[in-house]
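First the structure, in the form of structure tokens, and then the observations on it.
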Amino acid sequence: MISCIRQNLKVLFLRRQPFLSILHRPNHSASAAGNSVRVKLGGVERDSLPLILSWMNAHDLDWNYGQNMLDCVYDTRPDGWIGAYNEQRELVGCIYGGQIGESQVAFIGNLVVRNDLRKQRLGIGSQLFRTAIARMEQFNCGLNGVEQEVEYYKRSGASVTSFSVISVCGTLRQTGGSKPDGGINVVPIQDVPSQHLEQYDTNISVYSRPRFLENWIYKDSGMKGFVAKHRDDILGYCVLKPNARGWRLGPLYAENSSVAQAMLDKLHPICAGAAVSMEIPEDNVWMLSLMKDRFSMQLVYKTKRLYTKREVVFPHFDQVYALASIDSQII
């Protein structure tokens with residue numbers, strides 16, 4: 001969903017406003033000037049996904065999404081999508097707000113408005129945002145927003161701030177570090193029983209999310225994934241998914257940097273030379289240093305995690321080397 005050109009960095013930071021339409025600045029100027037339009041809101045059919053994807057990837061800031069990613073989010077929570085429709089009953093925008101598993105935590109993101117209407121600043125994104133927040137009021141909703149808009153999000157109901165996330169993009173190389181302990185065995189993700197992987201994932205992400213894992217991993221034929229093991233114990237796993245420009249890495253969870261290194265080296269031959277994007281917790285200094293200093297990846301944007309009710313605590317947050325998604329998942 002992103003471009004890797006440094007000169008676009010300032011503009012790309014504006015890209016990460018997941019609730020107010022892309023480049024819909026939260027200043028309410030459209031409504032104040034009377035330049036707003038009413039739309040009818042409803043659900044989103046699955047056959048609308050290619051249209052939504054075309055808006056994302058034709059956008060001047062380039063979401064760099066893959067159809068497989070959009071399919072996964074939709075299939076995990078089809079009822080989580082809200083569509084905006086004009087008088088001709090054409091879809092002109094959408095947003096996603098989905099519960100995480102069966103928990104009381106949800107996530108809101110994937111807001112996009114048809115480009116010609118977005119540029120007119122008609123307030124469609126704001127209508128979608130308000131509706132999503134109201135519909136998910138019973139949940140503790142997470143969201144990611146660019147740091148310069150954090151105060152706006154606080155006023156809009158997401159008053160609890162948490163960790164920061166750095167998005168990077170570039171090419172993977174061999175890590176060049178010392179070889180991991182010989183007891184670490186990296187195997188294809190399909191070789192590990194799904195219930196074992198789900199148990200490990202829940203230990204990291206706190207909330208069980210079997211439907212997401214099924215769609216993100218097992219129903220995506222283009223996905224490449226690996227699990228690091230020591231005997232029967234899972235030490236980490238990673239997922240690489242094709243997108244519009246190359247690959248997207250996420251999640252990458254690992255017990256320590258040696259385990260992360262072993263999986264990264266396994267991924268390198270698959271995507272060598274192609275652009276790889278990922279979202280890394282700012283607290284993970286080792287991962288950021290590796291991507292920036294050794295791999296010469298570009299910093300693309302920085303976002304802040306916010307919640308509507310309370311902060312979610314992840315006991316093993318130090319084992320998160322790349323998030324699964326900052327548009328639909330809590331971690």
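In what follows, every heavy atom counts, from backbone to side chain, and hydrogens, waters and symmetry copies are set aside. Residue numbers run from 1 in the order of the sequence given.
Side chain to side chain, E102 and S208 fail the donor-acceptor criterion of an N or O pair below 3.5 Å. Between K304 and T161, the side chains place no donor N or O within less than 3.5 Å of an acceptor N or O (distance only, hydrogens not considered). Remark: the Y207 side chain and the R209 side chain contain no N/O donor-acceptor pair separated by less than 3.5 Å. Checked by atom type, the side-chain pair D71/Q67 shows a donor-acceptor distance below 3.5 Å. Side-chain N/O atoms of R248 and N243 include no donor and acceptor closer than 3.5 Å. Between the side chains of Q127 and R38, not a single donor N or O lies within less than 3.5 Å of an accepting N or O.
Looking at heavy atoms from C-beta onward, T303 lies out of side-chain contact with F163 at the 4.5 angstrom threshold. Side-chain contact between T202 and Q199 is absent, with no heavy atoms from C-beta onward closer than 4.5 Å. When side chains are defined from C-beta on, L197 counts as touching I189, because their heavy atoms get closer than 4.5 Å. Between H230 and I184 there is no side-chain heavy-atom pair separated by less than 4.5 Å. Contact annotation: the side chain of L91 approaches that of I52 to within less than 4.5 Å [non-hydrogen atoms, C-beta and beyond]. In this structure, the side chains of L323 and P251 stay at 4.5 Å or more apart for every pair of heavy atoms. Between L213 and D201 there is a side-chain heavy-atom pair separated by less than 4.5 Å. C238 has its side chain within reach of L249: a pair of non-hydrogen atoms, C-beta onward, lies under 4.5 Å apart.
With salt bridges taken as basic N to acidic carboxylate O contacts below 4.0 Å, one links R114 and D116. The pair K241-D220 counts as a salt bridge, with a side-chain nitrogen and a carboxylate oxygen less than 4.0 angstrom apart. Under a 4.0 Å N-O distance rule, the pair R211/E214 does not qualify as a salt bridge.
The two residues I330 and S205 come nearest to each other via the heavy atoms CG2-O, 4.2 Å.
Heavy atoms from other residues, nucleotides or ligands lying under 6.0 Å from CG of D232 number 12 at most. By the neighbour-count criterion of 12 heavy atoms within 6.0 Å, atom CD of Q190 is densely surrounded, having more than that number from other residues, nucleotides or ligands.
Summarising the geometry, atom OG1 belonging to T76 is positioned 12.5 Å from atom CD belonging to Q99; distances are rounded to the nearest 0.5 Å.
Qualifying salt bridge (Lys or Arg N to Asp or Glu O under 4.0 Å) partners for E311, counting only residues two or more places apart in sequence or in other chains: none. Qualifying side-chain hydrogen bond (donor to acceptor under 3.5 Å, both in side chains) partners for E255, counting only residues two or more places apart in sequence or in other chains: none.
R305 pairs in a side chain to side chain contact (heavy atoms under 4.5 Å, CB included) with only one of the listed residues (V165, L143, N144), which is N144.
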Under the side-chain contact (heavy atoms from CB on, under 4.5 Å) criterion, do D318 and N284 qualify, and how do the steps go?
CA-CA 7 Å; D318 61 326; N284 197 315; over 6 Å; no
Run the numbers on Y253 and Y237 for ring-ring contact (aromatic ring centres under 6.0 Å, His included), then give the verdict.
CA-CA 6 Å; Y253 303 151; Y237 83 95; 5.5 Å; yes
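No single ILVMFWY cluster, assembled from side-chain heavy atoms under 4.5 Å apart, contains both V285 and L264.
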